[in-house]
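Heads up, the thing below is written out as structure tokens.
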2 protein chains.
Amino acid sequence: MSKIEPSWDYYRTFLMVLKGGSLSAAARELGLTQPTVGRHVDAMEEILGFPLFTRSPQGLLPTDAARALQPYAETLAATSAALLRAASGQQGTVSGTVRISASEVIGIEVLPPILADLHERYPDLTIELSASDAIEDILRQEADIAVRMAVPGQDALVALHIGPVPLGFHAHRRYLDRCGMPETLADLARHSLIGYDHETAAIRAIIARTPGLPEVRFALKADSNLAQLAAIRAGFGIGICQNALAARDPNILPVLADGFAMKLETWLVMHENLKTAPRCRVVFDALAKGLRTYIRQP
Amino acid sequence: MSKIEPSWDYYRTFLMVLKGGSLSAAARELGLTQPTVGRHVDAMEEILGFPLFTRSPQGLLPTDAARALQPYAETLAATSAALLRAASGQQGTVSGTVRISASEVIGIEVLPPILADLHERYPDLTIELSASDAIEDILRQEADIAVRMAVPGQDALVALHIGPVPLGFHAHRRYLDRCGMPETLADLARHSLIGYDHETAAIRAIIARTPGLPEVRFALKADSNLAQLAAIRAGFGIGICQNALAARDPNILPVLADGFAMKLETWLVMHENLKTAPRCRVVFDALAKGLRTYIRQP
DNA sequence: TCGTTGCTATACTTTTATGTATGAGCAAGA
DNA sequence: TCTTGCTCATACATAAAAGTATAGCAACGA
């Protein structure tokens, strides 16, 4: 009966072995050596009383038990990262690291100038930008601040409604010169359409809200909204993108602007614990101002 | 510029120093020695770059920065405890530890027979019962399963509605023989009343829902519902308690049962991650069955 | 088939962390 | 005033963890 609690460092090592797939990979990642990592795993198995991995010359295969423990280890890693970010901003001045989570399109097309301006005003601020459509959990503080396109749950969160981001069909002038401008939704069926590869919950919601959308076959399927935007810009065909992004390029023209309109409600979300942290307040305010300016433009 | 991440063990030590108030107390708690704990704190301060405590011969006083980091350390501690509980149930059979959070009254008056029966059926199961009116966060997995008297938020939780627990005024026969049985709500003003010390959100909600409640002065104030119950049983006066608890003692009689009725909606809550864990399923089902039986009795 | 490259496991050495013992400072109580 | 009990800090010895080097095994490609 081993009643000794394992070293918390074992959890970190355990997680890296899970993610790296081998003792050696985890050792490289952690700045340790392979025997040390192996010893950590051995010790953890000894204390828990069951094996975590099946060893092989190709690496370590996690057992079901190890997989069951992975989410806990992930939470530990996220929390200690959040602790370090919080510590980075404890110097009184606006300094330290703030991690922002946003969608690919927002993170790459919209945020950079806002962040550049912000960094000019606060040079001691380090920004971690996670531009990914995989949502990071604000409650678990995987990120400090998130730009969300859905109404956030109201648990221990500071949520600010930014407003609607208007979307619409767009195409490059070159494409429209070649293939003509559709007049009705039904016309779309005769065009090169750029769309999604897999139906997500967000997409199903859009389809449900939009009557008269014809049964279409996409000529280009991409789950990445960024790739869809790039395809529109390259003149591949007609696709949906944010109006404000399209308007930046005079050669990108709206298509069926009257017959089809959509908007994405945008929220800025922050963990309640952080609302007194100067580094987060500053970023939150800058994002709110920048995003509001962005959605107001034609 | 120290880019080394601190040992996660430092966070555990840091938290114990915060809670214990001294290096020595933390050392005792952790099974380490005072110099070791001091070295951990020194190392952490060195890496973070700012002091966490001001030393004195009476102990260590946390700085504001240390206090800002405390919630993160608490989360780490709660998560690693949850990890260990999860690990304790990975042996295939129903075994390991399950932590239950419930109010004082439920935890002490209602749960024990349910848990005794459960433990008879599953002797390898260890139950941690946190009988406290301070709610433990299920999302953060401070507890595995909770009995809640409020509608739970719906984020990543398994919530089962148990039903209403009826409440009412009660008093001991001895008291009523001496002071008479009140006939109306207004009569209560002339009696020895047992009530709360501080207004909580739950109490304010009850007051708002109950018109005609006279302005009363309590003869005994106790925030602990358990203490109120004990006072009722001791014949101190008239107080509110769960009808089913009062009915256990033939000498405890309902007062104004017609004029005043209240119920507490009861829920059983579990983290979604745990719904496949056998040890938690078993406890969850047993609690659901036992609590439903409890609220159905006269 | 043979060499290369990845992996783990083990023996050995060195470094690092921990424990032990002790001194000094402060506060409360006889 | 002088204990007693608590604290933290320091010096030193020891135990524990890390790194180093190497051997063995499986897979891949020439």
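Computed from a predicted structure; not experimentally measured. Every chain is numbered from 1 and lettered A, B, ... according to where its sequence line falls, protein lines coming before strand lines.
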Subject >> Residue whose closest nucleotide on DNA chain C lies nearer the 5' end, A:Leu60 versus A:Arg39 >> reply: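 On the 5' side of the pair lies A:Leu60.
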Original post:
Is the shortest side-chain N to carboxylate O distance from A:Glu136 to A:Arg99 below 4.0 Å?
Top reply: yes
**OP:** Start with the C-alpha gap between A:Asp124 and A:Arg279, add the side-chain angles, then the distance that decides, and say whether salt bridge (Lys or Arg N to Asp or Glu O under 4.0 Å) holds.
**Re:** CA-CA 10 Å; A:Asp124 292 339; A:Arg279 72 189 208 289; over 6 Å; no
Subject >> With sequence neighbours excluded, residues passing side-chain contact (heavy atoms from CB on, under 4.5 Å) with B:Asp285 >> reply: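 Result, side-chain contact (heavy atoms from CB on, under 4.5 Å) vs B:Asp285: B:Arg281.
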Original post:
Looking across every strand, which nucleic acid part, if any, lies under 4.0 Å from B:Gly59 by heavy atom: base, sugar-phosphate, or nothing?
Top reply: sugar-phosphate
Subject >> Contact nearer the 5' end of DNA chain D, comparing A:Gln34 with B:Pro35 >> reply: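 Upstream on the strand: B:Pro35.
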**OP:** Using a cut-off of strictly less than 4.0 Å between a heavy atom of the residue and any atom of DNA chain C, enumerate the qualifying residues of residues 23-31 of chain A by number.
**Re:**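 Of all residues in residues 23-31 of chain A, the ones placing a heavy atom under 4.0 Å from DNA chain C are A:Leu23, A:Ser24, A:Arg28.
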Looking at every non-hydrogen atom in both residues, tell me the closest pair between [X] and [Y] and how far apart they are.
{"X": "A:Leu60", "Y": "A:Pro62", "answer": "O-CD, 3.6 Å"}
{"X": "A:Ala66", "Y": "A:Leu18", "answer": "O-CD1, 4.1 Å"}
{"X": "B:Ile138", "Y": "B:Ala143", "answer": "CD1-O, 3.4 Å"}
{"X": "B:Leu48", "Y": "B:Leu69", "answer": "CD1-CD1, 3.9 Å"}
{"X": "A:Thr36", "Y": "A:Leu32", "answer": "CG2-CD1, 4.3 Å"}

**OP:** Extract, from 5' to 3' on DNA chain C, the first and final nucleotides lying under 4.0 angstrom from some heavy atom of chain A.
**Re:**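 Reading along DNA chain C, I get C:dC7 to C:dT10.
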**OP:** With sequence neighbours excluded, tell me which residues meet ring pair (Phe, Tyr, Trp, His ring centres under 6.0 Å) with B:Tyr10.
**Re:**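 Partners of B:Tyr10 by the ring pair (Phe, Tyr, Trp, His ring centres under 6.0 Å) criterion, ordered by chain and then number, come out as B:His40.
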**OP:** Quick one: list whatever passes ring pair (Phe, Tyr, Trp, His ring centres under 6.0 Å) with A:Phe218, sequence neighbours left out.
**Re:** A:Tyr196
Subject >> Along DNA chain D, first and last positions that approach a heavy atom of chain B under 4.0 Å >> reply: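 Result: D:dT7 to D:dT10.
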